[in-house]
Amino acid sequence: MKKILHCVGEVFKDCYKAFPAFFLLAMALDGLGVIAAMLEPVLLARILELAGGKPVDGVQLIQTIGAYGICLAYVPVSEVLFRTASQRADIKGAQYFGNKLVAFSRRIRLEVLENPETLDRFHRANAAENSQFVFFKQILLTVRNGVTCVGLMAVVGRFHPVLVLSGLLALVPSVLTKLYFEKKTTALRRMQSKVLRRLGYIRGLFSNKESIKEMRVMGFESYLIEKWNGTNAQRVEEYAQVNLDICKKQVWGIIVTNTGHVLNIALSFFLLIQGRISVGAFAACLSAFTAYESGMTVFLVMLFNAISTYHVVEDYYAYFTIPTERDGEVSYHPFQEAITASDVHFSYSGGDREVLRGVDCAIRKGEHVVIVGENGSGKTTFSKLLTGAFLPSQGRISYDGLSTEEMNRGSLYAHYSIVPQDFVRYWFSLRENVGISDLDRCEDTEAMEALLEKVAGSEFLENVGGLDVQLGKEYGGQELSGGQWQKVAIARGLWRESDIIILDEPTSALDPLVEYDVLSKFAEMIRGRTSVIISHRVGICRMADKILVMKGGCVVECGRHEELLAAGGEYAHIWQEQAKWYQNG
Ligand code: ADP
């Protein structure tokens, strides 16, 4: 109960912030609505009393009929007002709640994003869309109809107390069946969020041109369709079973509740013929029971809708409990000496295995370092710890002695540039694709053209059609090859004039000749900056000041190309293995 009240409080606070004028209007309309609904039967009884009086007090009768008319008209008029005003509030709410989600996502601890549970939670929070606004309206309607029904019972109770008791009893079965319904559907929805994400993923493969091409050529289209159908069939089956069970219980609830209402009317009629209530009171009871019945129906529907929306809204607010960046207090200052890793250990969230198992190394200012090693040896993971995106579970990474844990991460990121292995292809203009890493200089056409010429060659810009050409076929733009997209990603990394740059397998999509060319120019462009290149190809290592060789989550060798070759260890072994690819015979 405490959790529900807390959630309601959060929603009301947020709704007030998102649309204060509508919030106050809705409160006022609801308050008046309760008063109007309670006055209705009282005024009706009074009209009958006045009409039967001898002599008839005409003025008072007309005034009472007028007041009764106003009460009757209030409900439809207030509904029109509410509906019209709520359309604007709906849009404002969607913007407010969407922005809140995005603003929080920007602060989530990056290593937590590696956990699939986080993605499920994001999926559920995102699916809440504008449920907060819906919940707000449902709560208002629930409270309004609930209070009205209590008021109506108080009015009926004044005529005879037994009518209150019978009115309440009629509700019990309906409440129980609806509670059962909510419990079942919420459990089902939670259980199915993982399946839904999986379904979305498989369907996404059919709208991504790369995967479409691959599945068609490699012939696994039907396999994926079957996989999708199988997963979906299982989901539908689970739904069908729960729904059938719920449906049966609901039908019983409805039958029993309606029988209760009919009995209530019969009871008041019995009291009338017994002379225990007047004709006016009987008419007021009928009016109150009709209003009570429709009020109770709306109350119950809204209450249970609110309960099911509550679970969605709860998922939205639960998202905000995901750990955010453990930010240090100290602002990063460009380091002068070295970045040092001392006995660094790391495991992924939810993983039971250590991916880094005591990494020790130092990267001096201005050094060009290449990290090599077989796939899965921990190179990419280590680079994420270097940038402070992940924090070590044991040991420390420090910049001139200041550890990443103590540091304000935003201030560290500001000095970094990265070209990730899975670089993103933004379906924006070429200018935005490159300039997005430093938007302040985005309009410096000359500098951007010069950079692209170095990274992608002199004909690239001409072939693409200039900086302002839209990229990506999906939006009717110019499509690039995999290698060209990678060069654009490299240009984006270089465009940001950072102290440190990390490139993770930056040339994986380039052919060897182009690779050599790009890397030579690259070495020239990053002169004076500290760079870390991750690669499983050792060809790149000749131009490195330092090579770190990783194996099984540790740095097993460190030195220059010639030294490591002469040492005849792991590096020499990888070098010889790869050299075979390029030797004749
Ligand atoms: P490399 O860059 O050397 O190929 P990675 O750092 O990418 O290696 O991965 C090191 C190990 O960590 C691998 O065994 C990989 O399976 C595991 N790993 C990578 N990313 C994740 C993740 N998000 N969650 C759990 N394990 C991961």
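Since the structure is predicted, the reported quantities are computational estimates derived from the model, not experimental observations. Order of appearance sets the numbers: ligands from 1, and atoms from 1 within every ligand.
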Measure the distance from atom 18 (N) of ligand 1 to every protein heavy atom, then report the residue, atom name and distance (to 0.1 Å) of the closest one. Tyr348 CE1, 3.4 Å
Looking at every heavy atom in both Asp400 and Glu337, which two are closest together, and how far apart are they? OD1-N, 2.8 Å
Can you find an N/O atom of Asn375 closer than 3.5 Å to an N/O atom of ligand 1? no
Counting from 1 in the order shown, the ligand 1 atoms closer than 4.0 Å to a non-hydrogen atom of Thr381 are 5 (P), 6 (O), 9 (O), 10 (C)
Heavy atom of the protein closest to atom 23 (N) of ligand 1 (residue, atom name, distance): Glu114 OE1, 2.5 Å
Quick check on Arg441: does its CZ atom have over 12 non-hydrogen neighbours (other residues, nucleotides or ligands) under 6.0 Å away? yes
Region of Thr380 engaging ligand 1 - heavy atom pairs below 4.0 Å: both
Contacting atoms of ligand 1, where contact means under 4.0 angstrom from a heavy atom of Lys379: 1 (P), 2 (O), 3 (O), 4 (O), 6 (O), 8 (O)
Over all heavy atoms of both residues, which pair between Ala341 and Ile397 is shortest? Give the atoms and the distance, please. CB-CD1, 4.2 Å
With a cutoff of 4.0 Å, is Gly373 in contact with ligand 1, counting heavy atoms of the residue only? no
Would Lys100 count as a cation-pi partner of Phe320, with NZ or CZ less than 6.0 Å from the six-membered ring centre and within 45° of the ring normal? yes
Least distance between heavy atoms, Pro392 atom then Thr404 atom: CD-OG1, 4.4 Å
Donor-acceptor side-chain pairing of Asp14 and Tyr317 below 3.5 angstrom: yes
Would you say the ring centers of Tyr413 and Tyr332 fall short of 6.0 Å from each other? no
Ranked by distance from atom 11 (C) of ligand 1, the top protein heavy atom is Val355 CG1, 3.5 Å
contact_flag Glu374 ligand 1 heavy-atom lt 4.0 Å: yes
Regarding ligand 1, does Gly376 bring an N or O atom to under 3.5 Å of one of the ligand's N or O atoms? yes
Report the nearest protein non-hydrogen atom to atom 16 (O) of ligand 1: residue, atom name, distance rounded to 0.1 Å. Arg353 NH2, 4.0 Å
With side chains defined as the heavy atoms from C-beta onward, is the minimum distance between Leu564 and Trp575 less than 4.5 Å? no
